[in-house]
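Please read all numbers here as calculations on a predicted model, not as lab measurements. Counting starts at 1 for both ligands and their atoms, following the listed order. Just so it is clear, the values below take in all heavy atoms, side chains as well, and ignore hydrogens, waters and symmetry mates.
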Amino acid sequence: MATPFLDTSIEYLKGVGSARAELLRKELGLQTFGELLTYFPFRYVDRSKFYLISEIRDDTAYIQLKAKIVRIQTIGQAHHQRLVATARDSSGEIDLVWFQGIRWVTEMLTPQQEYVVFGKPALFNGRWSMAHPELEIPPAHPLPLSETVRPIYNSTEKLKNKGLDFKGIGKLVKNLLLSEKFAVPENLTLTILNNLRLLNRQEAFVNIHFPRSPDLLKKAQTRLKFEELFFIQLRLAKQRIGRLSKHEGHRFFKVGDYVNQFYHNHLTFELTNAQKRVIKEIRADVGSGNQMNRLLQGDVGSGKTLVALMTMLIALDNDYQSCLMAPTEILAKQHFKSITAMLTGLKVEVRLLTGNSKPAERREIQAGLESGTIQLLIGTHALLEENVQFYRLGLVVIDEQHRFGVAQRAKLWEKNIITPHILVMTATPIPRTLAMTLYGDLDTSVIDELPPGRKSIVTRHVYEPEHGKVFQFIREKVAEGRQVYIVYPLISESETLDLKNLEDGYQHVILEFPPPRYSVSMVHGQMKQQLKDTEMKRFLQKETQIMVATTVIEVGVDVPNASVMVIENAERFGLSQLHQLRGRVGRGSDQSYCILVSGYELSAEARKRISTMVRTTDGFEIAETDLQIRGPGDLQGTQQSGILDLRIADLVKDEKILKYARNVATDIITDDPELVKSDNDILARHLQQMERNQQNWGLIS
Ligand code: ADP
Ligand code: MG
C-alpha cells in the first residue's frame with residue numbers, strides 16, 4: 001500500500017521549500033519524504049574517537065581531533081585573504097584554514113584553548129591542513145550516546161552553496177524523523193523479525209541516520225541490507241516456482257540412436273567428469289516435463305559446445321528440432337563447421353542461417369524448418385526473424401549470453417506455444433553472489449574442469465620498453481609455425497584516438513615483420529563486415545601469421561594454431577576482457593603464451609588486474625576478483641538490469657546476509673508459492689508495491 005506520509009513531496013519538509021526541493025530533485029533525485037529516508041549516509045564518524053594528528057593518512061576522510069590553537073594568522077590581501085589557525089596536539093600540528101567569515105572566526109577563536117576539531121584533512125605544501133573545520137569546546141562530560149555516531153551524506157557543490165552540505169542534509173533528515181506524523185510501516189513478518197532478531201523497520205531507519213549507538217547502527221544496517229536482498233530473492237523464488245509449475249515443457253523422455261551412435265562412434269575422447277555431471281543435470285531437467293531454463297557456465301575451452309551438441313542430440317532422439325544462436329556471424333560459422341564435422345556419418349540435417357544468407361537459400365531453409373526436414377539450425381540474430389518458423393522446436397541453445405538482450409530471448413520463446421528448453425552458454429563466469437541475485441531464477445550448471453592434456457597458458461607482464469624482446473619472441477614462435485594475435489584497446493569514448501593507436505601499432509608491426517617473409521592481418525570493429533570476415537579467414541587458413549586486432553576477436557574465435565596473445569596497453573582493459581582475450585590461445589596442443597604489455601605508470605587497480613592475470617587462469621577466481629575491484633555495477637550484462645541498483649547491500653561484503661535472505665525467501669515460497677497465507681500478506685503487499693515502483697524488474701530472467 002502506498003504510504004501517504006512517505007510519498008509527501010519533499011518540498012513540504014521543514015527546512016526545504018520550493019527552491020531547495022527543486023535542487024534536491026535535480027542534484028540527488030530526491031522528490032519525496034520516502035526518498036530522503038532512503039538517502040543513506042555513505043559513512044559515519046565515531047564521535048567518541050579522536051585522532052592524533054600523527055595518525056592522519058592520505059586517505060583519511062572526515063575525522064575528529066582534540067587540539068589546542070597555538071597560532072592565528074591572516075595571510076594574503078583583500079579578496080584573497082585566508083585565516084590560518086595552527087592547532088597542536090601531543091603528536092603534531094595542523095593548519096585550520098578559513099577563506100570566508102574570517103572576521104567572525106577570528107573573534108570566536110581563543111588562543112591556547114583546546115577544541116574538538118572536526119573536518120577533512122588535506123596535505124598542502126607538506127603540512128596537514130583542514131579547510132573550514134567545525135570547532136567545539138570539548139564537553140565536560142562524555143557525549144550522550146545518541147550523538148556519538150555522526151552521519152556523513154554525499155552532497156554536491158550546488159547543494160553546498162545552498163547550505164545543504166552533509167550537515168545540512170543531516171538536518172533535513174532529522175526534521176523528517178522528528179516530524180509528528182513520521183511513521184514507517186513494517187514490511188517483514190513477525191516470524192522473520194523474531195527468528196533473525198532483526199530491528200523493526202522504523203527503528204532501523206532512525207538508527208541508520210542517527211544511530212543511538214555503534215551497536216544499533218550495525219543492527220540497522222543488517223536489517224536494511226536483509227530487507228533489500230530478501231525482497232529480490234523472494235521475487236526470484238516466486239518466479240522460479242511459477243515457472244516450474246506453470247511452464248509445461250517438452251518431455252525428452254528417451255535417449256536413442258543419435259546420442260548412442262555419437263557417443264560410441266564419433267566421440268574421439270572421454271568426456272570430463274564435469275561434462276558428464278552437467279549432461280546428467282540437463283537430462284534430468286529436459287525429462288521432467290517442465291521447461292528447462294539453464295545457464296551453462298564454463299571457461300573457454302572447457303567443452304560447453306560439446307555438451308550443447310549432446311543436448312541437441314537428445315532433442316533429436318525425441319523428434320524435436322534445435323537451434324543454436326551465436327552473437328556473430330564468424331562464431332555461427334565456426335559452430336556450423338565444427339558441429340557438422342563432429343556429426344559426419346550421422347544422418348542429421350544441419351543448416352546455417354545468418355544475415356548474409358541469400359534469399360533463395362533463406363526460403364529453402366524456412367521451408368525445411370517448417371516441414372521438419374531441417375533438424376538443427378545454427379545462426380545469428382537472423383534466427384529471430386518472424387518468418388523463421390519451426391515444425392517442432394524443442395531446444396534453443398544461446399552462446400555467449402551477455403551479447404543477447406532479454407527481449408530477444410523472449411522473442412524466441414514466442415515462436416512456440418510450449419516454450420522450448422533454453423540452454424544459455426557463457427564463458428564469462430559470474431561470481432556466485434551475482435548469479436544468485438541476477439539469475440536466481442535460472443538453474444545453473446558449471447563445467448569447472450578443462451579437458452585433460454591442456455597446457456596451461458603462460459602469462460607474463462612486460463613494460464613497453466621491452467617491446468624488442470616481445471618481437472623477438474614472436475619471431476621465434478612464427479618460425480616454429482605458430483600464429484600470433486596482437487591486440488590494441490579500442491574503447492568507444494576515444495575511438496578516433498584509439499584507432500590511430502591501432503593503425504600506428506599495425507605500421508610498427510609491419511616494419512618489424514615485413515613482407516614477403518611475413519604477412520600481417522588487421523581487424524577492427526569499424527571495418528566492413530565483409531572485409532573483417534576475409535581477414536579472419538586469411539588468418540584461419542594460415543595465410544597470415546600475425547593478427548593485429550581490437551577486442552572484436554574477444555568472443556569465441558577459434559584458431560588452434562594461434563599460440564601467442566600479445567595485449568598492448570594491457571592496463572586499459574578490464575579483467576574479464578583480458579581473460580576472454582587470453583582464451584583465444586591455448587586451444588591447440590602447443591604451449592601457449594599471453595603477454596601483457598603496459599607502461600610503467602599503473603594505477604593500483606590496473607596493477608591488481610594484471611597481477612591477477614599472471615597469477616591464475618581460473619575464470620571464477622578472476623570473476624570474483626573483478627567483482628571486488630569494480631563492484632557489481634560495472635560487470636558485463638548487469639548495467640541495464642536495474643536490479644543491482646542496491647542502496648545499502650553490497651554483494652561482495654554481504655554474501656552472508658544474501659545467503660540468509662535467499663534461504664528464508666526460498667522456504668517461504670516453498671511453503672506458500674503465491675503468498676496467500678495471511679501471515680505472508682505483508683510480504684505480498686510490499687512485493688506488489690515494489691513491482692509497481694520498479695518497472696524494470698519485469699525484464700530480469
Ligand atoms: P567451449 O565451447 O567451452 O569453449 P568447446 O566445446 O568448443 O569449448 O571445446 C573446446 C575444444 O575441446 C574443442 O576442440 C572440443 O572438441 C574439445 N573437447 C571438448 N571436450 C573434450 C574432452 N572431454 N576431452 C578432450 N577434448 C575435448
Ligand atoms: Mg565456445
Are any of the side-chain heavy atoms of T612 and K608 separated by less than 4.5 Å? yes
Can you tell me if [X] contacts ligand 1 (heavy atom of the residue under 4.0 Å from the ligand)?
X	result
M342	no
D299	yes
S302	yes

Only one of R582, R460, H579 passes side-chain contact (heavy atoms from CB on, under 4.5 Å) with C594, and that residue is R582
Between R475 and Q472: side-chain donor-acceptor atoms closer than 3.5 Å: yes
Modelled atom types, side-chain donor and acceptor of E329 and N356, under 3.5 Å: yes
At under 4.0 Å between heavy atoms, which part of [X] makes contact with ligand 1: side chain, backbone, both or neither?
X	value
V307	neither
L271	backbone
Q275	side chain

Set of residues satisfying ring-ring contact (aromatic ring centres under 6.0 Å, His included) with respect to H266, sequence neighbours excluded: none
Any side-chain to backbone donor/acceptor pair from R351 onto I374? Under 3.5 Å, distance only. no
Nearest candidate to atom 6 (O) of ligand 1, where distance is taken over non-hydrogen atoms, out of L267, T305, L296: T305
Hey, which atoms in ligand 1 end up nearer than 4.0 Å to a heavy atom of [X]?
X	result
L306	6 (O), 20 (N)
T272	23 (N)
E270	22 (C), 23 (N), 24 (N)

Once the angle between the rings of F471 and F513 is folded into 0 to 90°, is it parallel (under 30°), tilted (30 to 60°) or perpendicular (over 60°)? perpendicular
Would you check the N or O atoms of G301, main chain and side chain alike, for any that come under 3.5 Å of an N or O of ligand 1? yes
Residues which pass salt bridge (charged side-chain N to carboxylate O under 4.0 Å, His left out) with E370, listed by chain and number, not counting sequence neighbours: none
